[in-house]
Amino acid sequence: MLGLPGGIQALLFDLDGVLTDTAAVHAKAWKQTFEDEGYPFDIATDYVKYVDGKAREDGIRSFLASRDVHLSESEVTRIGTVKNDLVLRLIREQGVEAYEGSRRYLEAAEQAGLKRALVSSSNNAEEVLKVTGIDRFMQERVDGVVKSELGLNGKPAPDTFLEAAKRLGVEPKHAAVFEDALAGVQAGRAGDFGYVVGVNRANQAEALKQHGADVVVDDLAELL
Ligand SMILES: O=P(O)(O)OC[C@H]1O[C@@H](O)[C@H](O)[C@@H](O)[C@@H]1O
C-alpha cells in the first residue's frame, strides 16, 4: 500500500524539503548568514553535510566545528537568531508551497487510514504547516519547540521520531520515516523504523541510501 511494505501503520514526515519547498529557503538563509559572519559556505557540500535536517544550533556548531571554530553559547544563539530573522523574511517575501505530490500522498494516506505525524527540527514548523494548510493531515507534531521542551536529542539521533511513534501508539517497526536530509534518514535507520523513504531534492540519491534510506524517490507521488 502506498509503496510501503506490509505492516506499516504510521507515517512520520519531515517538513522542510519533504512536504514543503522550504529546504532551499533555509539553505539560502544559512549561506548568507555564515558568509556575513566571514565563513564561506557551500550549499552542495556544507549545508547537506553539516546543517540540513539538524536543530538550528546543532547545525551551527557542526558546520563551525568542521572549520575548527568553537564559539560560546551566546554567539551560537546570536547567529541562529540572525539566520531565523532572515529565513522568516524570505518565507514571507517568497511564500511557501506544499509539494503537490506530497499533498496527494497525504490525502491517500488519510484515506487508507494510516496514522500521520510531523517530525521536524524546525521551530517554525507550526507556522509553515498552517500557511500551507497541511496541518489538517497531522495527528501529532514533534518539532523543534517540542524537542526543546522535552530535552530530546535532535536528528541524526532517532529521539524525535521515536517520540512521534509513541504518541501515535505505534512501534517503530510499524512506522515509516520520510526524509530528505542525510541526518534525517540516519535518524530513521538509528531508530530501527520499519521503512525509511529518502526524498531526493538535492541530487543526492546515493548518499541518502548510504545514510539509511531503504528506497529513494524524487517525489512522493512516485509511491502512489
Ligand atoms: O531554525 P529552525 O526554523 O528552527 O530550523 C532548524 C532546521 O530545520 C530543518 O528542518 C532544516 O532542514 C534546517 O535547515 C534548519 O536549520
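First listed ligand is number 1; within each ligand, the first listed atom is number 1. Residue numbers run from 1 in the order of the sequence given.
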Heavy atoms only: give me the nearest Y105-L220 pair and the separation to one decimal.
CD1-O, 3.5 Å
Structural part of K54 in contact with ligand 1, heavy atom criterion under 4.0 angstrom:
backbone
Please check this pair: side chain of R141 against backbone of V119, looking for a donor-acceptor N/O pair closer than 3.5 Å.
no
Among all protein non-hydrogen atoms, which one is nearest to atom 13 (C) of ligand 1, and what is the separation to 0.1 Å?
Y47 OH, 3.7 Å
min-distance protein heavy atom vs atom 2 (P) of ligand 1 -> S122 OG, 3.5 Å
Please evaluate residues F13 and F137 with respect to the criterion ring pair (Phe, Tyr, Trp, His ring centres under 6.0 Å), reporting the C-alpha separation (whole Å), side-chain torsions for both, the decisive distance (0.1 Å), and the verdict.
CA-CA 11 Å; F13 295 96; F137 293 106; 9.3 Å; no
Numbered atoms and elements of ligand 1 in range of D52, under 4.0 angstrom, heavy atoms
12 (O)
Once you measure the plane-to-plane angle for F63 and F34, does it fall in the parallel (<30°), tilted (30-60°) or perpendicular (>60°) bin?
tilted
Could you tell me, atom by atom, which parts of ligand 1 come under 4.0 Å of a heavy atom of K83?
1 (O), 16 (O)
Taking K115 for the side chain and L168 for the main chain, is one N or O donor matched with an acceptor at less than 3.5 Å?
yes
If hydrophobic clusters are built from ILVMFWY residues whose side chains come within less than 4.5 Å, do V51 and I60 share one?
yes
Around atom 10 (O) of ligand 1, find the nearest protein heavy atom and jot down its residue, atom name and distance.
D16 OD2, 2.7 Å
Specify the closest pair of heavy atoms between S121 and K155, including all atoms of both residues, with the distance to one decimal.
OG-CD, 3.7 Å
Name the atoms and distances for all side-chain donor-acceptor pairs under 3.5 Å in residues 145-152, with sequence neighbours left out.
unit_1: S148; atom_1: OG; unit_2: G144; atom_2: O; d: 3.1

Give the atoms of ligand 1, by number and element, whose distance to some non-hydrogen atom of N123 is under 4.0 Å.
2 (P), 3 (O), 4 (O)
R56, portion touching ligand 1 at heavy-atom distance under 4.0 Å:
both
Based purely on interatomic distance, does W30 place a nitrogen or oxygen under 3.5 Å from a nitrogen or oxygen of ligand 1?
yes
Looking only at distance, does G53 have an N or O less than 3.5 Å from an N or O of ligand 1?
yes
Can you report which non-hydrogen protein atom sits closest to atom 15 (C) of ligand 1, along with the distance?
H26 ND1, 3.8 Å
